[in-house]
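Each residue takes its place number in the sequence, starting with 1.
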Amino acid sequence: MAGYLSESDFVMVEEGFSTRDLLEELTLGASQAATGEVAAFFVADLGAIVRKQFCFLKCLPRVRPFYAVKCNSSLGVLKVLAELGLGFSCANKAEMELVQRIGIPASKIIYANPCKQIAHIKYAAKHGIRLLSFDNEMELAKVAKSHPGARMVLCIATDDSHSLSCLSMQFGASLKSCRHLLAKAKRSHMEVVGVSFHIGSGCPDPQAYAQSIADARLVFEMGTELGHRMHILDLGGGFPGIEGAKVRFEEIASVINSALDLYFPEGCGVDILAELGRYYVTSAFTLAVNVIAKKEVFSDQPSREEENSFASKTIVYHLEEGVYGIFNSVLFDNTCPTPILQKKPSTEQPSYSSSLWGPALDGYDCVAEGLWLPQLHVGDWLVFENMGAYTVGMGSLFGGAQACRVTYAMSRVAWEALRRQLLPPEPEEDAEDVCKPLSCGWEITDTLCVGPVFTPASIM
Ligand SMILES: *Cc1c(COP(=O)(O)O)cnc(C)c1O
């Protein structure tokens, strides 16, 4: 083991006990707390992250993964990913400091943000972080001045018009401007070593990766022509983090592998990287939130569902977290979080049209609407799965702003698998071997995740 993660960092989940059992124990404990104060909290299954890494190695054997720290910078996540040998992609100084503090060497850190503060560029220079991205002339000039030894990666725009969050408006150089930027870099004695792109998240068309890889090939040629030693291709992020995503990870991987074979064939001397955020963490985190207030709202409008006597009544529940906090993905990713109830309702229990709101007193703090739920009570816990990406802030690490508690757990099987995969990695030939512990980790973790759950979606 490299020693980033130790057994004291998480709760070891033994056979016959699941992370959901752990969550139940914790909600019970929280409800009985003497102060009567209830705070939302996460249970994070680190085994799920281990599983993701094995799957990554199997599906994209030529790609070296970096973790996009901004996605979830909680300590357990960073440590398990460090243990798995990942590099780290940081967006600012705080993130670089954070990963350096857990012992990540500078050589494994990319400062991948096309708009950087000068002070943060200086921090990178001082701490030996050399790989920086850029997409415009101003940024290049800033780095040339404050970090002349940097190795630059040119971030190109992608066709992300189909992605849920479009980035190319803001980020990425157009193909047309690349030659000029590469020439400019040459003139200012800045080394450009590669090309990156970021497809954006929720992109429904894996061909977008193929298109960007083809574009990158063109930029590689321009760079080489101008005397840059181009040897890094960075595929960015945007890989789905949940099972049952519209486009499966395996499908994207297969498109990428074909495009790589075509444009960057094996042996071409190009180091292929990716910067993944949500892929690793989304499914690992489960959130428990307390119902803090409740009211019934009657609508005057005649309902179309006349046969349902409850149709004109909606129950509005307020949770202690909303879209300005943990549920910000509702605003940014257009997701609709679906709760799981702690107590499985009996079949005779009637359901009511219900909506979930955060604690803010405004009309935007709506977490979910149009749910059919049995009657809930103040003090009940709602459980949300797939809450690992873009929910857990930096606050927890700097003792700053109010942050949610995270309890880390891992099954013994996943822990063993993690330890075994860290035997000296021999990439190519061993790709299959490396995956072996996975099959067992996978089964166990899967059973861990299955519990007697009730999903309102099924009766919506
Ligand atoms: C945020 C970010 C990522 C990660 O995106 P995910 O959709 O979470 O995988 C990758 N690359 C860059 C440049 C980013 O800013």
- Excluding sequence neighbours, so at least two apart, what forms side-chain contact (heavy atoms from CB on, under 4.5 Å) with Tyr364? Tyr324, Asp362
- Between atom OG1 of Thr19 and atom CD of Glu24, what is the distance when rounded to the nearest 0.5 Å? 11.0 Å
- Task: Side-chain contact test, heavy atoms from C-beta onward, threshold under 4.5 Å: evaluate it for Tyr263 versus Cys268 and give yes or no.
- Result: no
- Message: Can you confirm whether the side chains of Ser254 and Asn257 place a donor and an acceptor under 3.5 Å from each other?
- Response: no
- Query: Do NZ/NE/NH1/NH2 and the carboxylate oxygens of Arg51 and Glu243 come within less than 4.0 Å?
  - Reply: yes
- Note on the structure: Of Val99, Ile129, Asn113, the one forming a side chain to side chain contact (heavy atoms under 4.5 Å, CB included) with Cys90 is Val99
- Considering all heavy atoms, the nearest Ala288-Thr27 contact: CB-CG2, 3.9 Å
- Is there a donor-acceptor contact under 3.5 Å from the side chain of Asp45 to the main chain of Ala284? no
- Between Asp135 (side chain) and Gly172 (backbone), is there a donor-acceptor pair under 3.5 Å? yes
- Between Leu260 and Leu262, is a side chain to side chain contact (heavy atoms under 4.5 Å, CB included) present by the stated rule, with each step listed? CA-CA 5 Å; Leu260 289 177; Leu262 193 58; over 6 Å; no
- Task: Using modelled atom types only, decide if a donor and an acceptor are shared between the side chain of His120 and the backbone of Lys116 within a distance under 3.5 Å.
- Result: no
- Message: Run the salt bridge (charged side-chain N to carboxylate O under 4.0 Å, His left out) test on Glu191 and Arg229 for me, step by step, so that the C-alpha distance in whole Å, both residues' side-chain angles and the decisive distance to 0.1 Å come before the verdict.
- Response: CA-CA 8 Å; Glu191 211 183 329; Arg229 209 173 62 79; 5.1 Å; no
- Which heavy-atom pair separates Ala409 from Leu22 by the least distance, and what is that distance? CB-CD2, 3.7 Å
- Query: What closest approach, in Å, do Gly237 and His198 show between heavy atoms, and which atom pair accounts for it?
  - Reply: N-ND1, 3.1 Å
- Task: In sequence, state the C-alpha distance, the side-chain angles, and the governing distance for Tyr209 and Phe239, and then conclude on ring pair (Phe, Tyr, Trp, His ring centres under 6.0 Å).
- Result: CA-CA 10 Å; Tyr209 285 93; Phe239 299 86; 5.1 Å; yes
- Query: Is it the case that Arg217 places NZ or CZ above or below the six-membered ring of Phe264, under 6.0 angstrom from the centre and within 45 degrees of the axis?
  - Reply: yes
- Item | Reported OG-to-NZ distance for the pair Ser6 and Lys79, which is rounded to 0.5 angstrom | 6.0 Å
- Query: Can you list the residues that meet the side-chain contact (heavy atoms from CB on, under 4.5 Å) rule with Lys246, with sequence neighbours excluded?
  - Reply: none
- Item | Ser89 and Glu275: side chain donor to acceptor below 3.5 Å | yes
- Message: With salt bridge (charged side-chain N to carboxylate O under 4.0 Å, His left out) as the criterion, how do Glu83 and Arg419 come out once you've worked through the C-alpha distance, each side chain's angles and the decisive distance to 0.1 Å?
- Response: CA-CA 9 Å; Glu83 198 66 63; Arg419 284 159 53 152; over 6 Å; no
- Item | Flag side-chain contact, heavy atom, 4.5 Å: Val289 against Phe41 | no
- Message: Looking only at the side chains, is there a donor atom on one of Glu137 and His180 sitting less than 3.5 Å from an acceptor on the other?
- Response: yes
- Message: Checking the side chain of Thr391 only, and the main-chain atoms of Met387 only, is there a donor and an acceptor separated by less than 3.5 Å?
- Response: yes
- side chain to side chain donor-acceptor pair (under 3.5 Å) evaluation trace for Asp21 with Ser18: CA-CA 5 Å; Asp21 294 332; Ser18 70; 3.3 Å; yes
- Query: Looking at side-chain heavy atoms only, is the closest gap between Met152 and His228 below 4.5 Å?
  - Reply: no
- Item | Check: Ile326 and Cys404 side chains under 4.5 Å, non-hydrogen atoms | yes
- Query: Going by heavy atoms in the side chains, are Leu273 and Leu235 under 4.5 Å from each other?
  - Reply: no
- Message: Would you say the ring centers of Phe327 and Phe384 fall short of 6.0 Å from each other?
- Response: yes
- Between the CG atom in Leu287 and the CG atom in Leu319, the distance rounded to the nearest 0.5 Å is 9.0 Å
- In sequence, state the C-alpha distance, the side-chain angles, and the governing distance for Glu250 and Cys55, and then conclude on side chain to side chain contact (heavy atoms under 4.5 Å, CB included). CA-CA 9 Å; Glu250 287 80 354; Cys55 179; 4.0 Å; yes
- Note on the structure: Separation between CG (Asn136) and CZ (Phe171), nearest 0.5 Å, reads 10.5 Å
- Task: Could you check if a side-chain atom of Tyr111 sits within less than 4.5 angstrom of a side-chain atom of Glu95, using non-hydrogen atoms only?
- Result: no
- Identify, with sequence neighbours excluded, every residue that meets salt bridge (Lys or Arg N to Asp or Glu O under 4.0 Å) alongside Arg412. Glu14
- Can you tell me how far the CD1 atom of Ile49 sits from the CG atom of Leu86, to the nearest 0.5 Å? 10.0 Å
- Message: A cation-pi test, strictly: NZ or CZ of Lys108 under 6.0 Å from the centre of the six-membered ring of Phe88 and no more than 45 degrees from its axis. Yes or no?
- Response: no
- Query: Is Asn386 reaching over with its side chain to a backbone N or O of Ile242, donor-acceptor style, under 3.5 angstrom?
  - Reply: no
- Message: Strictly distance-based, threshold 3.5 Å: is any side-chain N or O of His318 a donor or acceptor partner for the main-chain N or O of Gly358?
- Response: yes
- What is the minimum heavy-atom distance between Tyr67 and Asn72, and which atoms define it? OH-O, 2.7 Å
- For Tyr408 and Val43, run side chain to side chain contact (heavy atoms under 4.5 Å, CB included): C-alpha distance rounded to whole Å, both residues' side-chain angles, the deciding distance at 0.1 Å, then the answer. CA-CA 6 Å; Tyr408 300 99; Val43 170; over 6 Å; no
- Note on the structure: Closest non-hydrogen atoms of Gly322 and Val367, given as atom of the first, atom of the second and distance, are CA-CG2, 4.0 Å
- Item | Salt bridge flag under 4.0 Å for residues Arg20 and Glu385 | yes
- Would you confirm whether Thr282, through its side chain, and Arg278, through its main-chain N or O, come within 3.5 Å as a donor-acceptor pair? yes
- Message: Is there a side-chain contact between Pro339 and Leu356 in this structure, where contact means two heavy atoms from C-beta onward sitting under 4.5 Å apart?
- Response: yes
- Give the minimum heavy-atom separation between Ser283 and Lys52, together with the two atoms involved. OG-NZ, 3.3 Å
- Message: Taking the side chain as everything from C-beta on, heavy atoms only, tell me whether Lys142 gets closer than 4.5 Å to Ile121.
- Response: yes
- Query: Atom CZ in Phe134, atom CD in Glu139: separation rounded to 0.5 Å?
  - Reply: 9.5 Å
- Task: Please say whether more than 12 non-hydrogen atoms of neighbouring residues, nucleotides or ligands are located less than 6.0 Å from NZ in Lys122.
- Result: no
- Item | side chain to side chain contact (heavy atoms under 4.5 Å, CB included) evaluation trace for Gln117 with Lys93 | CA-CA 9 Å; Gln117 268 196 48; Lys93 177 177 153 189; over 6 Å; no
